[in-house]
Amino acid sequence: MQNRLPPLNALRAFEVAARHLSFAAAARELHVTNAAISHQIKSLEEALGVQLFMRQNNHILLTVAGETYLPKVREAFRTLRESTHQLLGIHSVTLRLAVRSAFCLMWLLPRLPRFYEAYPGIHLDIENEVDRNYLQYDLTIDYRPTGVPDYSVQQLLSTPLYPVCSPQWREQLQQPEDLMRVPVLHDRPLQGMPEYPDWQRWLAAAGCPTNLNPQGVTFATALMCQQAAVAGLGVALGQHALVESELESGRLVRALPELQAPIHLPYYLISPVTAEENPGMAPFMRWLTAEAARSQTSLPG
């Protein structure tokens, strides 16, 4: 090739395919067909005169040449991206987030004014339909971790759970047995997540009877269940991270505060490794971590 550079699209296809070790995954990320990725890789190998991938048992692996070339290509894209931002004076970036509705409304949104005060140039595009298609977003906040390769997963916080109700029910809840005489509110655990902390698990961990009053309502989400408790429909199992502001306002109170159980629900930060390329990602992650640490200091004893 001497003084010629390889095609930029082919280099991008190589970097993504090498990261996933899959042409199909690269095609999904770049929104093209598998055939297009294969064609780009072939054209790059022909232009360079070296083989970058080898095919083995329906899988692809990097050759020695590919392993050597990949870090330089990644660094070149990083430099190109940063230089372009500087040249164009880009001061505003967008982060696409997927956050469970209850966590978004009750934990994240009340804190966002502090974020925008610190980082006015970062625009957040927030979706609450968490369907585990993590490639669609820069960051997903979910209580189910993923074991898929090429994703960064770290725990944001772990919140305890305890019974909560509107003030009108407090006098009727003096001992654990009273839970059998008042409406008990449930939120439905996600399919495939048997460890979701429901009433039976929580009461058993607290050393209490697990037979509850059948009168009550089951809701599809924790947010609906919590709002039903605020409306006075009964007693719910509240996540501290979500009910903290309602407790402070007096719209909810702790029921049977002497009862405690070692049951926590963790929330995770899940992002594809490509999200690191977004210049807004690092400051948002630092801010989230700091807010979570602040939230953890308010946990009940």
Side-chain angles (χ1 to χ4, degrees), residues 8-32 37 40-41 52-53 60 62 66-100 103-104 108 111-112 115-116 118-127 130-157 266-293:
L8 190 62
N9 285 341
L11 285 173
R12 185 59 171 159
F14 164 69
E15 189 276 329
V16 178
R19 175 160 27 87
H20 291 289
L21 287 179
S22 166
F23 287 0
R28 288 193 297 270
E29 180 172 329
L30 297 177
H31 305 289
V32 297
I37 294 294
Q40 292 282 10
I41 298 301
L52 300 172
F53 293 97
I60 61 171
L62 284 168
E67 293 277 7
T68 303
Y69 197 37
L70 179 59
K72 300 296 184 181
V73 171
R74 283 179 173 167
E75 178 62 21
F77 274 113
R78 187 190 66 79
T79 301
L80 180 61
R81 184 171 54 253
E82 291 180 355
S83 299
T84 303
H85 288 170
Q86 293 173 4
L87 176 66
L88 299 179
I90 293 177
H91 301 294
S92 179
V93 296
T94 296
L95 276 177
R96 295 203 64 214
L97 310 180
V99 188
R100 293 218 166 264
F103 192 86
C104 183
L108 181 61
R111 291 167 166 80
L112 282 184
F115 174 74
Y116 279 116
Y119 301 101
I122 299 179
H123 171 73
L124 300 179
D125 183 349
I126 302 176
E127 173 64 63
V130 181
D131 60 4
R132 308 199 83 183
N133 187 3
Y134 301 127
L135 277 177
Q136 294 186 43
Y137 311 104
D138 295 300
L139 180 67
T140 298
I141 303 178
D142 197 3
Y143 47 71
R144 297 176 299 174
T146 177
V148 180
D150 298 321
Y151 289 89
S152 169
V153 181
Q154 68 181 73
Q155 184 173 294
L156 175 64
L157 56 80
Y267 281 87
Y268 298 94
L269 303 176
I270 306 167
S271 59
V273 294
T274 52
E276 298 174 0
E277 301 173 0
N278 190 317
M281 189 67 172
F284 186 67
M285 292 285 279
R286 287 195 300 269
W287 176 81
L288 269 180
T289 302
E291 287 294 328

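Atoms considered below: every heavy atom in the structure, side chains included; atoms not considered: hydrogens, waters and symmetry mates. Throughout, residue positions are numbered sequentially from 1 according to the sequence presented.
In this structure Tyr69 satisfies the ring pair (Phe, Tyr, Trp, His ring centres under 6.0 Å) test together with Phe14, sequence neighbours excluded. For Arg111, the salt bridge (Lys or Arg N to Asp or Glu O under 4.0 Å) partners are Glu291, not counting sequence neighbours. Scored by the side-chain contact (heavy atoms from CB on, under 4.5 Å) test, Glu67 finds Leu62 as partners (sequence neighbours excluded). For Arg28, the side-chain contact (heavy atoms from CB on, under 4.5 Å) criterion is met by Ala24, Ala25, not counting sequence neighbours. Legend: residues meeting salt bridge (Lys or Arg N to Asp or Glu O under 4.0 Å) with Glu15, ordered by chain and number and at least two apart, are Arg12, Arg19, Arg74. With sequence neighbours left out, Glu276 forms a side-chain contact (heavy atoms from CB on, under 4.5 Å) with no residue at all. Partners of Tyr267 under the side chain to side chain donor-acceptor pair (under 3.5 Å) rule, at least two apart in sequence or in another chain, are Gln239. For Thr94, the side-chain contact (heavy atoms from CB on, under 4.5 Å) partners two or more places apart in sequence, or in a different chain, are His123, Asp125.
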**OP:** Kindly indicate, with the supporting measurements, whether the criterion side-chain contact (heavy atoms from CB on, under 4.5 Å) is fulfilled by Leu30 and Asn9.
**Re:** CA-CA 10 Å; Leu30 297 177; Asn9 285 341; over 6 Å; no
Original post:
How far apart are the C-alpha atoms of Ile60 and Phe53, what are their side-chain angles, what is the distance that settles it, and do they pass the side-chain contact (heavy atoms from CB on, under 4.5 Å) test?
Top reply: CA-CA 6 Å; Ile60 61 171; Phe53 293 97; 3.9 Å; yes
**OP:** May I have the step-by-step check of side-chain contact (heavy atoms from CB on, under 4.5 Å) for Arg96 and Leu139, ending in yes or no?
**Re:** CA-CA 7 Å; Arg96 295 203 64 214; Leu139 180 67; over 6 Å; no
Original post:
Would Trp287 and Leu112 count as a side-chain contact (heavy atoms from CB on, under 4.5 Å) if you check the C-alpha gap in whole Å, the side-chain angles of each, and the deciding distance to 0.1 Å?
Top reply: CA-CA 10 Å; Trp287 176 81; Leu112 282 184; 4.0 Å; yes
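Here the CG-CZ distance, from Leu124 to Phe115, works out to 5.0 Å after rounding to the nearest 0.5 Å. Taking CG of Leu288 as the start and CG of Leu108 as the end, the distance is 6.5 Å to the nearest 0.5 Å.
Between the side chain of Asp138 and the main chain of Ala275, no donor-acceptor pair closer than 3.5 Å is present. Between the side chain of Arg100 and the main chain of Ile141, no donor-acceptor pair closer than 3.5 Å is present.
Within the 4.5 Å cutoff, the side chain of Leu269 has heavy atoms near those of the Met285 side chain. Here the side chains of Tyr268 and Val153 are in contact, with some heavy-atom distance below 4.5 Å. Here the side chains of Val99 and Thr140 are not in contact, with every heavy-atom distance at 4.5 Å or above. Within the 4.5 Å cutoff, the side chain of Ile126 has no heavy atoms near those of the Tyr137 side chain. Pro283 has its side chain within reach of Ile122: a pair of non-hydrogen atoms, C-beta onward, lies under 4.5 Å apart.
Aromatic ring centres of Tyr119 and Phe284 lie farther apart than the 6.0 Å criterion allows.
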